[in-house]
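Reviewing the structure listed below.
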Amino acid sequence: MQTIIAQGQNRLNTQTLIAFIVFSAVLFSLSTLLSSPSLWNTTNNTSPMSTLVSFDADKQAAELQTWSDPLNDADEFPYAADTFPFERQIKQVSNELGVDQSLLYAVTKAESSFRAGVQSHAGAVGLMQIIAKAAGRDAYYHLHKKRLTPTTDQLKDPYTNLKLGSAYLKLLEEHHFGHITNDELKKMLVLAAYNWGPVNVKRKILA
């Protein structure tokens, strides 16, 4: 009986590993696609991103006010419908935190389909689907070395959400998987941990 249980557990662990490797591979592939020059070079006024994502009312109506703290000192970003979704916010966050724009587009597409106001049943909010009391609080501390839990309204702000989500990606990369020397493997582990949690990834994949 114990042997059967053990075999079942091994199959479950293997299935879990495969599922999250596939999830990470999909995000990584999308990230690579978005960084391809052929995607960014167009010969007309149509946004290449329009082939990957359609604009919806929620995204178009989302607040574009920002918090450069990132939760204070409001500053507005104008939004043009003929640009990439939230292009200005993504560019600024990428420059500020040193996170690839293509990675931010990939994660945001996978997590929310570029809907700034979306909220999941689990309490994940906004473009990068941040849970305030978990990744939100950890990311803010990583940025400012101060304890603060962002509010739901703050997480629905595109710039704030992108900055906290990017900070959390950096936290995962530097603190939890900094010892991984293979860059592609590290990126996949970070993406899996973003979705599933670093403890689960370490316990189920790296154990």
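Being a predicted model, the structure only gives us computed values, none of them experimental.
Using a 4.5 Å cut-off between side-chain heavy atoms of Ile, Leu, Val, Met, Phe, Trp and Tyr, with links allowed through other members, L191 and L185 fall into the same hydrophobic cluster. Two different hydrophobic clusters hold I131 and V107 under the rule that ILVMFWY side chains link at heavy-atom gaps under 4.5 Å.
Summarising the local packing, NZ of K133 is surrounded by 12 or fewer heavy atoms from other residues, nucleotides or ligands at distances under 6.0 Å.
Nearest heavy atom pair, residue V125 against residue T152, reads CG1-O, 3.9 Å. N161 and L155 make their closest contact through ND2-O, 2.7 Å (heavy atoms, listed as atom of the first residue, atom of the second, distance).
Side chain of S94 to main chain of I90: no donor-acceptor pair is present (N/O by atom type, distance under 3.5 Å, no hydrogens or angles). Distance alone, capped at 3.5 Å, places no donor-acceptor pair between the D100 side chain and the S102 backbone. No donor-acceptor distance shorter than 3.5 angstrom exists from the side chain of Q92 to the backbone of Q89, with no hydrogens or angles considered.
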Chi angles and distances behind the side chain to side chain contact (heavy atoms under 4.5 Å, CB included) call for M128, S112: CA-CA 6 Å; M128 297 185 73; S112 70; over 6 Å; no
Mind running side chain to side chain contact (heavy atoms under 4.5 Å, CB included) on Y105 and F114 for me, showing each step along the way? CA-CA 9 Å; Y105 276 114; F114 301 103; 3.7 Å; yes
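Under the rule for a side-chain contact (heavy atoms from CB on, under 4.5 Å), D183 has no partner lying at least two apart in sequence or in another chain. For K186, there are no salt bridge (Lys or Arg N to Asp or Glu O under 4.0 Å) partners at least two apart in sequence or on another chain.
Contact check for I205 versus N200: no side-chain heavy atoms found under the 4.5 Å cut-off. Between L164 and Y140, some side-chain heavy-atom pair lies under the 4.5 Å cut-off. Looking at heavy atoms from C-beta onward, N195 lies in side-chain contact with E111 at the 4.5 angstrom threshold.
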Enumerate, atom names and distances included, each donor-acceptor pair closer than 3.5 Å involving a side-chain atom of residues 166-175, sequence neighbours excluded.
residue, atom, partner, partner atom, Å
S166, OG, L162, O, 2.7

